[in-house]
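In the text below, chain A, chain B and the rest are named by the order of the sequence lines, each starting its count at 1.
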There are 2 protein chains.
Amino acid sequence: MDDAQHQYVDKVATFFTMFGSTRAWAEILGWLMICEPAERTQAELAEDLGLSAGTVSTQLRTHVQLGMVEQVRVRGERVQRYRLKPGAWREVMTSELGRIQALGDLASAAAPVMPGDRPDRVTELGDLAGFFAREWPPLMARMTAELEKGTP
Amino acid sequence: MDDAQHQYVDKVATFFTMFGSTRAWAEILGWLMICEPAERTQAELAEDLGLSAGTVSTQLRTHVQLGMVEQVRVRGERVQRYRLKPGAWREVMTSELGRIQALGDLASAAAPVMPGDRPDRVTELGDLAGFFAREWPPLMARMTAELEKGTP
DNA sequence: GGCACGTTTCAATAGTGACTGAAACTGCTG
DNA sequence: CAGCAGTTTCAGTCACTATTGAAACGTGCC
């Protein structure tokens with residue numbers, strides 16, 4: 001990993017750390033975005049990034065669980081390799097719908113515990129969630145269509 | 001604050017804590033969503049939620065900076081009151097565009113530091129960011145139109 | 001079977017940052 | 001001006017958790 005690459009990994013790490021992710025998690029993500037070959041073993045990741053094997057194991061597991069990274073087996077090799085999952089970003093965007101619905105549920109759950117005469121604070125959130133719940137699926141469909149066009 | 005309300009605040013807090021926010025921050029948000037009257041002083045919030053005055057001051061400031069909460073002066077009173085900012089959720093969604101663009105920048109920045117023969121990992125992210133950069137403004141416009149319809 | 005390499009688990013450590021409590025500060029009231 | 005309620009600031013404490021290092025655990029090769 002040269003200087004420029006190191007700087008890039010740091011940039012990605014800084015960005016995602018701002019939203020509460022751990023440094024190691026974000027560094028692995030950043031490195032997997034640009035490393036060559038794209039398929040890496042845990043031991044290589046640890047070596048490349050100067051992290052312990054334990055950290056890589058743990059953080060990589062969360063990446064896999066979140067669907068950002070997948071295990072691959074390279075023909076002829078018997079080691080476990082990991083790479084950025086193609087289409088992962090798309091999936092993250094698609095799964096946003098679940099979070100929107102959770103917000104909507106939060107709004108619904110508020111109704112019984114607040115005085116009925118001023119529900120506006122909560123109906124606003126509910127309406128918003130409703131709007132996105134309707135708009136999100138067609139938007140995702142358009143997204144998929146457009147991205148496939150680029151990668152035939 | 002009765003039991004049901006307490007439970008609701010806890011529910012909201014649990015939800016937002018999952019995404020990296022602090023407990024106090026999320027509790028204040030949850031309580032401001034349902035408390036009556038909606039306008040509260042810092043001292044009241046501290047008392048209601050069992051937080052120290054210092055914590056309330058700090059967390060409330062971040063709420064104000066993020067645009068979720070605003071200061072209001074109630075006629076005749078001279079105390080500082082705070083409430084959930086009307087339209088705050090809408091604004092949060094609108095400002096999502098900034099984060100999308102940041103992701104797009106991250107993708108652009110990757111180009112120089114990776115071998116040119118396999119740029120797919122990064123172009124995917126770039127295309128995605130481009131898609132949202134184009135779609136987001138009209139989507140926001142539709143959102144505003146629809147929500148205004150509900151609150152004439 | 002034994003060896004080498006990679007991965008997982010886990011106890012211990014280090015570092016961070018949320019939260020508190022007290023003290024300083026502000027602006028209003030009598 | 002003294003008194004008071006509310007707010008801000010900040011040093012210190014505490015809890016949490018990210019990270020490490022080492023030890024156990026595979027798993028395929030010799």
Item to check | Under the side chain to side chain donor-acceptor pair (under 3.5 Å) test, residues paired with S52(B) that sit two or more places apart | outcome: T55(B)
Item to check | Set of side chain to side chain donor-acceptor pair (under 3.5 Å) partners for R121(A), sequence neighbours left out | outcome: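 Partners of R121(A) by the side chain to side chain donor-acceptor pair (under 3.5 Å) criterion come out as none, since no residue qualifies.
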Whole angstrom is fine here: how far is it from [atom1] in [X] over to [atom2] in [N]?
| X | N | atom1 | atom2 | result |
| --- | --- | --- | --- | --- |
| Q80(A) | dT7(C) | CD | C1' | 9 Å |
| L49(B) | dC19(C) | CG | P | 11 Å |
| Q71(B) | dT7(D) | CD | P | 9 Å |
| L51(A) | dG21(D) | CG | C1' | 14 Å |

Step through the shown structure and confirm whether more than 12 heavy atoms of other residues, nucleotides or ligands are within 6.0 Å of [atom1] on [X].
| X | atom1 | result |
| --- | --- | --- |
| D2(B) | CG | yes |
| Q71(B) | CD | yes |
| Q7(B) | CD | no |

Next on the checklist: Tell me the closest heavy-atom pair linking A133(B) and P137(B), and the distance in Å.
Outcome noted: O-CD, 3.2 Å
Checklist entry - Taking all atoms of both residues into account, what is the closest heavy-atom pair of V113(A) and Q5(B), and its distance? => result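 Distance-wise, the nearest heavy atoms are O-NE2, 3.1 Å.
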Checklist entry - For F131(A), what residues pass the ring-ring contact (aromatic ring centres under 6.0 Å, His included) criterion, not counting sequence neighbours? => result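 So F131(A) forms no ring-ring contact (aromatic ring centres under 6.0 Å, His included) with any residue.
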Checklist entry - Listed by chain and number, what are the ring-ring contact (aromatic ring centres under 6.0 Å, His included) partners of W25(B), not counting sequence neighbours? => result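 ring-ring contact (aromatic ring centres under 6.0 Å, His included) check on W25(B) returns H63(B).
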Next on the checklist: Give me each pair satisfying side chain to side chain donor-acceptor pair (under 3.5 Å) with a member in residues 128-142 of chain B, each pair once, sequence neighbours excluded.
Outcome noted: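 Matches after skipping sequence neighbours: E135(A)-R142(B), R142(A)-E135(B), E146(A)-R134(B).
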Could you list the donor-acceptor pairs under 3.5 angstrom formed between side-chain atoms of residues 32-40 of chain B and any protein atom two or more places apart in sequence or on another chain?
{"unit_1": "E39(B)", "atom_1": "OE2", "unit_2": "R83(B)", "atom_2": "NH1", "d": "3.4"}
{"unit_1": "R40(B)", "atom_1": "NE", "unit_2": "D48(B)", "atom_2": "OD2", "d": "2.7"}
{"unit_1": "R40(B)", "atom_1": "NH1", "unit_2": "P37(B)", "atom_2": "O", "d": "2.9"}

Next on the checklist: So, using side-chain contact (heavy atoms from CB on, under 4.5 Å) as the criterion, who are the partners of A109(B) when residues are at least two apart?
Outcome noted: Y8(A), K11(A)
Next on the checklist: Using side-chain heavy atoms (C-beta onward) and a distance below 4.5 Å, is L106(B) in contact with V12(A)?
Outcome noted: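 Side chain of L106(B) against side chain of V12(A), heavy atoms only: contact under 4.5 Å found.
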Next on the checklist: To the nearest 10°, give me the bend of the helix from dG1(C)-dC30(D) to dG30(C)-dC1(D), comparing the axes of its five terminal pairs at either end.
Outcome noted: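 It comes to 10° between the two terminal axes.
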Checklist entry - Counting only non-hydrogen atoms, which of residues 17-42 of chain A are less than 4.0 Å from DNA chain D? => result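 Within residues 17-42 of chain A, the residues near DNA chain D are T22(A), R23(A), A24(A).
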Item to check | Close approaches to DNA chain C from residues 57-69 of chain A, in residue order (heavy atom, under 4.0 Å) | outcome: S57(A), R61(A)
Between the protein and nucleotides 23-26 of chain D, list the N/O to N/O atom pairs that are separated by less than 3.5 angstrom.
none

Checklist entry - Hey, mind stepping through Q42(A) and Q80(A) against side chain to side chain contact (heavy atoms under 4.5 Å, CB included) and telling me if it holds? => result CA-CA 8 Å; Q42(A) 290 198 8; Q80(A) 209 76 284; over 6 Å; no
Item to check | Sidechain N-carboxylate O distance under 4.0 Å for R23(B), D10(B) | outcome: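 Looking at D10(B) together with R23(B), the answer is yes, because their closest N to O distance falls below 4.0 Å.
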Checklist entry - If the sugar-phosphate is the primed atoms plus P, OP1 and OP2 and the base is the rest, what is the B/S/- string for nucleotides 21-30 of chain C, using protein heavy atoms under 4.0 Å? => result B------SS-
